[in-house]
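Chain letters run A, B, ... following the sequence lines, proteins first and then strands; every chain starts at 1.
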Amino acid sequence: MTCKINELHQNIGQTVTLQGWIYNSRDSGKIVFLVVRDGTGLCQCVAAKSPATEAFFEQARQLTQEAAVRVTGVVKANEKQIGGHELEVTGLEVVGESVDFPITPKPHGIDFLFKNRHLHFRSRRQWHILRVRHAVIDEIRSYFNRNGFTLIDTPIFAPAAGEGAQTLFQVDYFGEPVYMAQTGQLYVEAACMAFGKVYCFGPTFRAEKSKTRRHLTEFWMVEPEIAYAELDDVINLAEDFICAIIGRVLRDHRADLEFLGRDVASLEKITKPFNRLTHREAADILRGERAQELLSKDLKAKTARIEEIKKLQAEKEARSTAQGVKQWEKDKLVGELAEMKEELGDLEVEVKNIPHHMELAKKFDPGGDLGGSDETIISRLSDKPTFVTHYPKACKAFYMKQNADDASRVNNVDLLAPEGFGEIIGGSQREDSHDVLLHRIHEEGLNPADYAWYLDLRKYGTVPHGGFGLGVERTVAWICGLKHIRETIPFPRMMGRFYP
RNA sequence: UCCCCGAUAGCUCAACGGUAGAGCGGCCGGCUGUUAACCGGUAGGUUGUAGGUUCGAAUCCUACUCGGGGAGCCA
């Protein structure tokens, strides 16, 4: 009987066959330990040399990393092992050999791992992350589906430049220039006038020349849009939606988060209501004492941590080269030293940047956009996500609804994830007045002819409406507590990386 | 577009301007409870590319390529 590793607990004492790949193997001459993975988990399979195992024992001893195997054996409960089980092997079939699998259980560099991404996500950490991604995407779809939204797929080839044309990938479309979509928003606006509540969900493309831990050139975005809605409705939807996603991951993927070392308690604090600040209030915070205090406290903590690491480094380095220390301990120390070196590098960059960020915050222009460091400051002030609303019109897109009380501001919202993870949602109420919208198109120097169909929406029964976009990878990075977004997508596309 | 850092064996890294090394992985051998197993042996290199300085360059200088991080911009 074939069986998946995550079903082993139902089969204790039974003889089952696992179909999988060798994750790691060890042998001591007369006993072989095979760690097998099958996509649902890991299981250690043990074969001791005996007349019963004679037929396959030598073969088992020579199995290499990632060889494909069918392993038959008796399921034993064993609390000490991964998953709490062990398989006592009674039969083995090699389905596919594996020669010189490049990714070993030892540390590798990022460049190497992502050049081998097609093999990299067989490893445990990546497997846990991509399972969380799956759950996040599944919850996104089911949240909207159970709340009366209709899925509207929007085109990837888009005719005109929406906003900043420099950030669009241009494609030759039978001799005409078209652009890879960087949002489906204009189209879902049309669709919500037909269906009331809609969402689109797919890949979007940005040609931003950004080489940072928060950027991909191809990423997935979900964009709900609702008719008869004002800014508060958009915010309430976003808040409820984020809680649903977090709740789902906490319910079904706690073990994945724990493997990743995520502080689950901080995710449990993500409950309604989130913080709400206007851009003006955010500006006051940034320019005030609170931001400076936060940053100088941060600076002190990080400087102290650097000293601590340096001390530890010296100790571990001495121990790792000392006489009579076992090789396994040296290996462990080398690994720890590599991690410390990385943390130290990060900390040094941050410590270098903090004074600059303090300056930026102090001099923050209340009429300008929030920069990356400003977002980080705001998002560190609380355990909960923070909505920042009513940005200056000048730094936002033409389609955002002009505020009724202050024409220099728009009814928009960004959601900043806590712990410094930054912006994961951008949204707004849309401009529903034909004349104001047309005026804004002119103001931005855009060609009204390109937006004729979009302006039509304001001519035939225009209503207040709005929506937002949520970046899937940034959300997954936040939930998993990852510092780099590239691990959250199976095949990342970044500046200078499009293989495999 | 700008700033900082890096490139040495398949991988992760060492090497004062003076003969290029270790660990892992591979291969061979040993070991009946291993957890990144361990022990012994073995193969493996045009030091990213092109110039320059020098008696002598992995090491110093210049340019380029590629990668990492950050600014701007953004989800």
Base, sugar-phosphate alone, or nothing: which one does [X] contact when heavy atoms must sit under 4.0 Å apart?
X	value
A:Ile425	sugar-phosphate
A:Glu86	base
A:Ile485	base

Partners meeting ring-ring contact (aromatic ring centres under 6.0 Å, His included) with [X] (sequence neighbours left out):
X	answer
A:Phe56	none
A:Tyr23	none
A:Trp127	none

Just how far, in rounded Å, is [atom2] of [N] from [atom1] of [X]?
X	N	atom1	atom2	result
A:Ile103	B:rC11	CD1	C1'	10 Å
A:Glu223	B:rA75	CD	C1'	9 Å
A:Asp414	B:rA75	CG	C1'	9 Å
A:His85	B:rG33	NE2	P	24 Å
A:Glu218	B:rC74	CD	C1'	16 Å
A:Met180	B:rA75	CE	C1'	17 Å
A:Leu415	B:rA75	CG	C1'	11 Å
A:Gln65	B:rU35	CD	P	16 Å

Classify the side-chain pair A:Arg430/A:Ser428 by whether it contains a donor and acceptor separated by less than 3.5 Å.
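Distance-only check passes for A:Arg430 and A:Ser428.
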Side-chain N or O of A:Arg26 versus OP1/OP2 of B:rU34: is the shortest distance under 4.0 Å?
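False: A:Arg26 side-chain N/O out of range (4.0 Å or more) of B:rU34 OP1/OP2.
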Is the phosphate of B:rC24, meaning OP1 or OP2, less than 4.0 Å from a side-chain N or O of A:Lys106?
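So the side chain of A:Lys106 is outside the cut-off, no N or O lying under 4.0 Å from OP1 or OP2 of B:rC24.
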Donor-acceptor pair, [X] side chain versus [Y] backbone, under 3.5 Å?
X	Y	result
A:Ser382	A:Lys384	yes
A:Arg474	A:Glu423	yes
A:Gln44	A:Ile82	no
A:Asp38	A:Ile5	yes
A:His279	A:Asp369	no
A:Thr40	A:Asn6	yes
A:Glu239	A:Phe274	yes
A:Glu473	A:Ile485	no
A:Asn412	A:His390	yes

Considering only the [atom1] atoms, how many Å lie between [N] and [M], rounded to the nearest integer?
N	M	atom1	value
B:rG6	B:rA58	C1'	14 Å
B:rU1	B:rA20	C1'	40 Å
B:rU12	B:rC16	C1'	24 Å
B:rC38	B:rU32	C1'	14 Å
B:rC61	B:rG68	C1'	24 Å
B:rU19	B:rG45	C1'	14 Å
B:rG69	B:rC28	P	39 Å
B:rC5	B:rC73	P	24 Å

Protein and nucleotides 20-22 of chain B: nitrogen or oxygen contacts under 3.5 angstrom:
none

B/S/- along nucleotides 66-73 of chain B (protein heavy atoms under 4.0 Å) is -SBSBBBB
Of the options [options], whose atoms approach the side-chain atoms of [X] most closely?
X	options	result
A:Phe33	B:rA75, B:rU34, B:rU12	B:rU34
A:Gln81	B:rU32, B:rC27, B:rU35	B:rU35
A:Lys80	B:rU35, B:rC31, B:rU34	B:rU35

Check the interface with nucleotides 5-10 of chain B: list each N/O to N/O pair with the protein under 3.5 Å, or write none.
none

Find the runs of at least 3 consecutive base pairs, i with j, i+1 with j-1 and so on, that include RNA chain B, using Watson-Crick or G-U wobble geometry with both distances under 3.5 Å.
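Stem list for RNA chain B: B:1-7 with B:65-71, B:10-13 with B:21-24, B:26-30 with B:38-42, B:48-52 with B:60-64.
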So, do A:Phe144 and A:Phe241 have ring centers that fall under 6.0 Å from each other?
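Judged by ring-centre distance (under 6.0 Å), A:Phe144 and A:Phe241 do meet the cut-off.
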Which residue, A:Leu216 or A:Pro105, contacts RNA chain B at a nucleotide closer to its 5' end, judged by nearest heavy atom?
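Here A:Pro105 is the residue nearer the 5' end.
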Please list, one pair per line, the donor and acceptor atoms closer than 3.5 Å that link side chains of residues 96-104 of chain A to other protein atoms, with sequence neighbours excluded.
from, atom 1, to, atom 2, distance (Å)
A:Ser98, OG, A:Gln65, O, 2.6
A:Thr104, OG1, A:Lys106, N, 3.2
A:Thr104, OG1, A:His108, NE2, 3.2

In residues 40-61 of chain A, which ones come under 4.0 Å of RNA chain B, going by heavy atoms?
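By residue number: A:Gln44, A:Lys49, A:Arg61.
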In chain order, what residues pass the side-chain contact (heavy atoms from CB on, under 4.5 Å) check against A:Arg125, with sequence neighbours excluded?
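A:Ile129, A:Phe259, A:Leu260, A:Leu482, A:Glu487.
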Results of side-chain contact (heavy atoms from CB on, under 4.5 Å) for A:Lys30 - residues two or more places apart only:
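A:Lys49.
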Side chains of residues 490-500 of chain A: which donor-acceptor partners sit under 3.5 Å, not counting sequence neighbours?
from, atom 1, to, atom 2, distance (Å)
A:Arg493, NH1, A:Pro500, O, 3.3
A:Arg493, NH2, A:Pro500, O, 3.1
A:Arg497, NH2, A:Asp111, OD1, 2.9

